[in-house]
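Here is the structure we will look at.
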Protein chains: 2
Amino acid sequence: MADTATNRRDPATEAWELFMEIFGEVRPRMLDVQADYGLKPPQFFALNALDEPQPMSHIADMLRCDRSAVTWITDRLEERGYVERRADESDRRVKLLALTDEGQRVREEIRAQLALPPDSIASLSRADQRTLRDLLRKALER
Amino acid sequence: MADTATNRRDPATEAWELFMEIFGEVRPRMLDVQADYGLKPPQFFALNALDEPQPMSHIADMLRCDRSAVTWITDRLEERGYVERRADESDRRVKLLALTDEGQRVREEIRAQLALPPDSIASLSRADQRTLRDLLRKALER
DNA sequence: CACGACCATTGAATAATTCAACGATTGGTT
DNA sequence: AACCAATCGTTGAATTATTCAATGGTCGTG
């Protein structure tokens with residue numbers, strides 16, 4: 001708190017602030033796309049978290065909500081056939097949430113729409129875009 | 001749709017996909033900070049949109065929700081003293097939402113917590129962090 | 001000045017989240 | 001082996017948040 005001023009000079013912090021600002025730009029469009037598929041943000045984020053099957057409690061952790069809310073969300077997604085409950089071999093208490101083929105398909109469809117970069121990114125020169133891409137790749141490879 | 005493959009090669013699209021992936025990393029922490037202040041995401045985003053006073057309908061547009069939901073959200077934020085309704089000189093139908101001093105203070109406090117960059121950004125070399133910062137600055141200046 | 005359109009609000013219906021309690025299962029302790 | 005506390009997902013009730021339809025007040029245009 002006392003070193004807010006010094007933090008502001010930290011390039012990582014500054015970069016992150018800009019990062020969030022850019023992200024804020026696209027939030028409305030993100031909501032539109034989700035709404036087109038009849039999904040609320042938590043439902044979409046649940047879907048998006050299922051790169052591999054996950055215990056329901058783990059989804060609750062990410063979404064920061066009650067387990068019972070995940071039960072409810074899962075019911076909705078299951079009704080649409082996007083998701084299914086599987087048994088966990090190693091622990092019969094847990095149920096694993098997994099994408100169905102349809103769920104996988106829809107998720108990719110949504111992702112494709114969200115992948116369209118916002119104006120701020122698109123306005124960069126192609127060289128800058130490549131530099132940015134490489135930088136972000138490096139960040140994720142840590 | 002037919003050119004999904006070519007889009008994948010577009011550096012801006014690739015960069016944006018990575019961008020979103022990094023952002024996903026911090027979502028849980030963001031929810032935690034908001035929860036510490038008793039705010040739901042829509043309430044926080046409303047607060048965050050008030051760089052200058054905004055018509056309530058404009059907030060509804062950004063949040064992609066009904067105007068009546070904004071009335072409700074505003075009531076909550078007003079109860080806490082974060083926000084106030086002002087008259088719009090030029091159009092007596094509209095009410096402008098504006099941050100109170102307290103609201104300004106709290107918003108900065110929250111922002112300071114969210115400004116802490118995630119590991120992926122922090123793990124970059126200081127030189128890369130600076131490059132990233134400069135790139136994002138340039139993107140926003142378009 | 002009459003008309004349709006827009007703004008924020010209200011009230012009712014609905015959706016989504018939280019909270020407390022439960023049955024089933026697990027792992028650890030004795 | 002037999003308890004015991006803890007965890008998992010679900011249920012039901014209470015609460016909170018969002019949508020939908022209708023309203024009073026205001027605006028701009030014809």
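All of these numbers come straight from a predicted model, not from anything done at the bench. Order of the sequence lines fixes the chain letters, A, B, ..., with proteins taken first and strands second; residue numbering starts at 1 for each chain.
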If I take atom [atom1] in residue [X] and atom [atom2] in nucleotide [N], what distance separates them, rounded to the nearest angstrom?
| X | N | atom1 | atom2 | result |
| --- | --- | --- | --- | --- |
| B:D88 | C:dC7 | CG | C1' | 11 Å |
| B:I73 | C:dT10 | CD1 | P | 15 Å |
| B:L39 | C:dT17 | CG | C1' | 16 Å |
| A:K95 | C:dT25 | NZ | C1' | 12 Å |
| A:Q34 | C:dA16 | CD | P | 13 Å |
| A:E78 | D:dG9 | CD | C1' | 13 Å |
| A:D75 | D:dG9 | CG | C1' | 11 Å |
| B:R67 | D:dG24 | CZ | C1' | 15 Å |

Kindly point out which of [options] is positioned nearest to the side chain of [X]?
| X | options | answer |
| --- | --- | --- |
| B:V94 | C:dA8, D:dA17, D:dT18 | C:dA8 |
| A:R85 | D:dG9, C:dA8, C:dT17 | D:dG9 |
| B:T71 | D:dG9, C:dT9, D:dT26 | C:dT9 |
| A:W72 | D:dT26, D:dG9, C:dT17 | C:dT17 |

### Main-chain N/O of B:A115 paired to A:E17 side chain as donor or acceptor, under 3.5 Å
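Checked: no pair found.
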### Query
Just by distance, do the side chain of B:T13 and the backbone of A:L116 share a donor-acceptor pair under 3.5 Å?
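Not at all, since once roles are kept as given, no pair shorter than 3.5 Å links the two residues.
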### Query
Is it true that A:R137 and B:E14 have a side-chain N and a carboxylate O under 4.0 angstrom from each other?
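A salt bridge is present here (some side-chain N lies under 4.0 Å from a carboxylate O).
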### DNA chain C: 5'-proximal contact among A:R93 and A:K40 (nearest heavy atom)
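The residue closer to the strand's 5' end, by nearest nucleotide, is A:K40.
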### Task
Using a heavy-atom cut-off of under 4.0 Å over every strand shown, decide if B:S68 touches base, sugar-phosphate, or nothing.
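The residue B:S68 makes base contact.
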### Task
Looking at every strand, decide which applies to A:R92 at a 4.0 Å heavy-atom threshold: base, sugar-phosphate, or nothing.
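Sugar-phosphate, backbone atoms only, no base.
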### Task
Check the hydrophobic clustering (I, L, V, M, F, W, Y; side-chain heavy atoms under 4.5 Å; chains of links allowed) and say if A:M30 and B:I59 are grouped together.
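The answer is yes; both residues are in one hydrophobic cluster.
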### Message
Please determine whether the number of non-hydrogen atoms from other residues, nucleotides or ligands lying under 6.0 Å from atom CD of A:E79 exceeds 12.
### Response
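Result for CD/A:E79: enclosed.
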